[in-house]
Amino acid sequence: MTKHVHEPLVHLSRRLNVSQKYAWAIRIGAFVLSMLACALITMIIAPEVGFGAFFTHLFEGTFGKPRLTWTLFRDVAILLLLALAVTPCFKMKYWNIGGEGQALMGCIGAALIVKTLSGTMPLIVVALIALVVAIGFGAVWAVVPALFKAKWNTNETLLTLMFNYIAGCIGAFLVKKLNPRTTGSMSFLKTLGDFGKIGDNQFALIIIIVAVITVLMAVYLKYSKHGYEIAVVGESPRTARYVGIHNKVVVIRTLVLCGVLCGIAGFLIVVLKDQSFKAESATDTTMGGLGFTAVLVSWLAHFNPWAMVLTSFLVVFITTGCAHVSSFGGLRSATYPSVMAGIFFFFIIATEFFINFKITFRKRGEIPREPDDLPPEPKTKVEAATAANANA
Amino acid sequence: MSIFLAMIQEAIHYGMVFLFGSTGETLIEKSGHLNLGVPGIMCLGAVGGGLGAHWAHQAGAGAAGIMVVSLLMTILLAGAGGLLYGLFTITMRCNQNVTGLTLTTFGAGVLGFWGTQMSNKGITFTEPSRIAFTSPLFFSGEVPDNWFCQLFLSYGFLVYFAILIAIIAAVVLKHTRVGLSLRAVGENPAAADAAGINVIKYKYISCVVGAAIAGIGGTFFLMDASRGTPEYIIDAMGWLAVALVIFSLWRPAIGIAGSIVFGFLYRLPYNISALTVVTLADKELIKMIPYAVTALVLIVISFFNKRETQPPASLGVPYFREDR
């Protein structure tokens, strides 16, 4: 009897022990491919930008002048800080996509203080109060959804998403309340002036602060008891409960930490980076979607703070470089960099699949295994007895 | 026509953008996939719809021709976005939030880029919009000036199409075998698999069909609600559509009423100046209402914790048959 058994052409199985060499080869390959794809697509949609010119502009816009390079690393630092902030949340599988709103609340807090207090006391005191208020605002905005998650298991992805837009509306409200005549932005260039400059360099302080926080976060996640608890809660909430970890306490504590870091990021953006605050509408703010990008950066780095330095660098490199391509290649499109960043992300996300799964194709011409491959049924009692003896 | 009538009319008009988006997203979420790429998919849909309408108009097609080509292009582009999302999250089991956010970044970028190209070439969509989209379905000329006709019969084809799709989606989800299977896939894919439901097939179909429906929302916004004037805020509308899914408790029928409420609230900051004096700042507070109400709904449904009002149980969890 020949019964045909359907065997699929492709079979997926999880790779259990992935060598680091293999994983990095895949990732580097994907990065190279993504850059080639970006260049090709640019050539198709804008033939005036050539294949070589794409890369020339890309590097000119990022490493062409010392000032551009400093700007690049400053932006990397801000993005890295936001990614670090949301990382502990993701490690415990709390899908906080509210980094955008939490950092925006930090921006709002800092902007409010700088706007109302500057001139009444020394600048350094104003800045310190702004930092504290920014941290407070960020922490509150992060911890409220966490409280609901801990208390009633409210879906945190959707709630933090809503909180992003509520924060945006609050920002737009405050800007238009404080500055009724302007269009949704406040500049602090005059009040802050040279604040935070080290020598002549405006950006070094941000980079130093973020570097310190990166080291601290790496140590916190890897060597502290808190970091261990976060990992256990993420891996298995039941195990965590069994070994006596209070899941709810861990969730709330971690989200306070996340909010604090987002608040610091907001402070850095308003007081040191932009020296202004913009909230035109709920979706058009100073943050400009950085909080969402930070989610991607953190996830692409497998929640590893050191790898995040690399991923945030690559993301900023591509967006900054492509902005240069757009303005000097004659594209004149503000959103062209996000198209390119999207393509880059798709390539990198896809690497996860090739790292985690093994694809086995059915070999050509191989006869599918049949159910009657078993030894033939014994025909007589004697044969059955010998077969039984042989088996024993 | 009284100002209130006009406001409700506008609420219904704009609400349909959210209705298309939320019906599509509901179908996708019912299969267990939280597609945060829907705002991007709506942007891609708008690109397709705009291109299709422009081409058909150039080729001299009539109202029906423009509508058909535009919708086909919408479905093609938005469906491709859905397929891409499906490929990443269903077959490749990548993280849904990450893939969705990437798709939104990408889609919004494509819409902005395309829009700049169009305006550089001096292409507008007001003419095809007037011919095929905004002209009333039930009257050839002016709509009679009585409240019934104004309120219910004054819209273009896509408004009725949105409501029709929402009703069909509601019936399919609630009363058919396919809907039952789809809900089973979203609640517990392993059990559905064991019951002989082709989980992967269901997930793919719902991702692509949902994306196509959501994409029509983008086209509707560009060609109908904003009358062909390019406004590149479709991703912001898309997030409200995602919010509406929660607001409507994953039920497209409730979504019809919810979308009109959202449309009303969305237009309120622009319309309220006709009623009373408000500052620019106050308008921003009014804009907050849809998000705040949705957040409140989320908290309330989790507080009551009734099984009927919860998100699909395996929302966001990739399914791999060989995992335990």
Side-chain angles (χ1 to χ4, degrees), chain A residues 12-14 45 95 97 145 148-149 151-155 157-159 161-166 168-178 180 184 279 281-284 289 292-293 295-296 299-300 331-343 345-346 349-350 352-354 356-357, chain B residues 34 36 40 84 88 91-95 97-99 101-117 120 232-233 235-236 239-240 242-243 245-246 279-292 294-295 298-299 301-303 305 310-311 315-316 320 322-323:
Chain A
L12 296 179
S13 51
R14 268 194 204 278
I45 56 180
W95 294 108
I97 53 172
F148 286 116
K149 172 79 180 178
K151 185 90 183 145
W152 297 319
N153 199 21
T154 310
N155 185 321
T157 316
L158 301 169
L159 191 58
L161 185 66
M162 293 304 116
F163 266 56
N164 287 339
Y165 296 104
I166 297 176
C169 292
I170 293 175
F173 167 74
L174 285 174
V175 171
K176 288 174 186 177
K177 194 89 190 166
L178 292 172
S281 69
T283 43
D284 182 14
F292 289 118
T293 313
V295 174
L296 304 175
W299 186 84
L300 291 182
L331 293 168
R332 296 198 303 274
S333 164
T335 59
Y336 164 77
S338 37
V339 179
M340 293 297 125
I343 293 168
F345 281 131
F346 277 127
I349 296 171
E352 291 308 305
F353 170 70
F354 293 102
N356 290 330
F357 287 91
Chain B
L34 178 63
L36 296 180
L84 192 66
F88 272 80
T91 300
M92 295 165 69
R93 275 103 182 160
C94 295
N95 183 294
N97 295 336
V98 174
T99 311
L101 289 176
T102 301
L103 192 54
T104 292
T105 311
F106 178 74
V110 169
L111 176 70
F113 182 79
W114 172 79
T116 329
Q117 298 282 309
N120 285 349
Y232 303 111
I233 50 166
D235 50 332
W239 291 120
L240 274 168
V242 175
V245 175
I246 306 153
T279 61
L280 279 175
D282 294 338
K283 285 184 182 176
E284 295 302 327
L285 281 188
I286 299 171
K287 284 184 194 167
M288 191 200 291
I289 298 173
Y291 301 112
T294 307
L298 256 176
I299 294 166
I301 60 173
S302 67
F303 172 69
N305 198 15
Q310 292 306 302
L315 190 64
F320 186 47
E322 296 180 17
D323 281 342

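Naming convention: chains lettered A, B, ... in sequence-line order (proteins, then strands); numbering from 1 in each chain. All values below come from the heavy atoms of this structure, side chains included, with hydrogens, waters and symmetry mates left out.
- Contacts between B:L103 and chain A at a heavy-atom distance below 4.5 Å involve backbone atoms as well as side-chain atoms.
- Of the two parts of B:F88, only the side chain, counted from C-beta on, holds a non-hydrogen atom closer than 4.5 Å to a non-hydrogen atom of chain A.
- In this structure, CZ on A:F345 lies 6.5 Å from OG1 on B:T105, to the nearest 0.5 angstrom.
- Counting all heavy atoms, side chain and backbone alike, A:I166 lies closest to B:A292 at CD1-CA, 3.8 Å.
- Using a 4.5 Å cut-off between heavy atoms, A:L178 does not touch chain B at all.
- Expressed to the nearest 0.5 Å, how far CG of A:L159 lies from OG1 of B:T294 amounts to 10.5 Å.
- Interface residue A:F173: backbone and side-chain heavy atoms are both found under 4.5 Å from chain B.
- Under the rule for a side-chain contact (heavy atoms from CB on, under 4.5 Å), the partners of A:V175 that lie at least two apart in sequence or sit in another chain are A:M186, A:F277, A:A279.
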* Checking side chain to side chain contact (heavy atoms under 4.5 Å, CB included) for the pair A:F357/B:T91: CA distance, chi angles, key distance, verdict? -> CA-CA 11 Å; A:F357 287 91; B:T91 300; over 6 Å; no
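- If you measure heavy-atom distances from B:I246 to chain A, the contacts under 4.5 Å come from the side chain alone.
- With a threshold of 4.5 angstrom between heavy atoms, A:F148 approaches chain B through side-chain atoms but not through N, CA, C or O.
- Under the 30°/60° scheme for interplanar angles, the aromatic rings of B:F113 and A:Y336 are found to be tilted.
- Interface summary for chain B: among A:A172, A:P145, A:G171, the most heavy-atom pairs under 4.5 angstrom belong to A:A172.
- In terms of heavy-atom pairs under 4.5 Å with chain B, the best-connected choice from A:S13, A:C169, A:G289 is A:C169.
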* **Verdict with reasoning, B:L34 to A:L158, per side chain to side chain contact (heavy atoms under 4.5 Å, CB included)** => CA-CA 10 Å; B:L34 178 63; A:L158 301 169; 4.0 Å; yes
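- B:W114 is not listed as a side-chain neighbour of A:V339, based on a closest heavy-atom distance of 4.5 Å or more.
- With a 4.5 angstrom heavy-atom cutoff, B:L240 does not touch chain A via any of its atoms.
- How far CZ of A:F163 is from CG of B:L298: 10.0 Å, rounded to the nearest 0.5 Å.
- Contact annotation for B:I286: neither backbone nor side-chain heavy atoms come within less than 4.5 Å of a heavy atom of chain A.
- For chain A, the option among B:L101, B:I299, B:V110 with the highest count of heavy-atom pairs below 4.5 Å is B:I299.
- Looking only at heavy-atom pairs under 4.5 Å with chain B, the residue among A:T335, A:N153, A:I343 that has the most is A:T335.
- If you measure heavy-atom distances from A:L300 to chain B, you find no contacts under 4.5 Å at all.
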* Asked: After noting the C-alpha distance and the side-chain angles of A:K177 and B:D282, does the key distance pass the side chain to side chain contact (heavy atoms under 4.5 Å, CB included) rule?
  -> CA-CA 8 Å; A:K177 194 89 190 166; B:D282 294 338; 4.3 Å; yes
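- Of all the listed residues (A:N356, A:T157, A:N164, A:L12), the one sharing the greatest number of non-hydrogen pairs under 4.5 Å with chain B is A:L12.
- Contact between B:G109 and A:S338 at its shortest, heavy atoms only, is CA-OG, 3.6 Å.
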* Given the rule in the side chain to side chain contact (heavy atoms under 4.5 Å, CB included) test, do B:N97 and A:W299 qualify, once you have shown the distances and angles that lead to the verdict? -> CA-CA 10 Å; B:N97 295 336; A:W299 186 84; over 6 Å; no
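- Looking at residues two or more places apart in sequence or on another chain, you find a side-chain hydrogen bond (donor to acceptor under 3.5 Å, both in side chains) between A:Y165 and B:W239.
- Only the side chain of A:I97 comes within contact range of chain B, judged by heavy atoms closer than 4.5 Å.
- Here B:S302 contributes atom OG and A:K151 contributes atom NZ; the two are 11.5 Å apart, rounded to the nearest 0.5 Å.
- Per-residue counts of heavy-atom pairs under 4.5 Å with chain B were compared for A:D284, A:I45, A:L174; the largest is that of A:I45.
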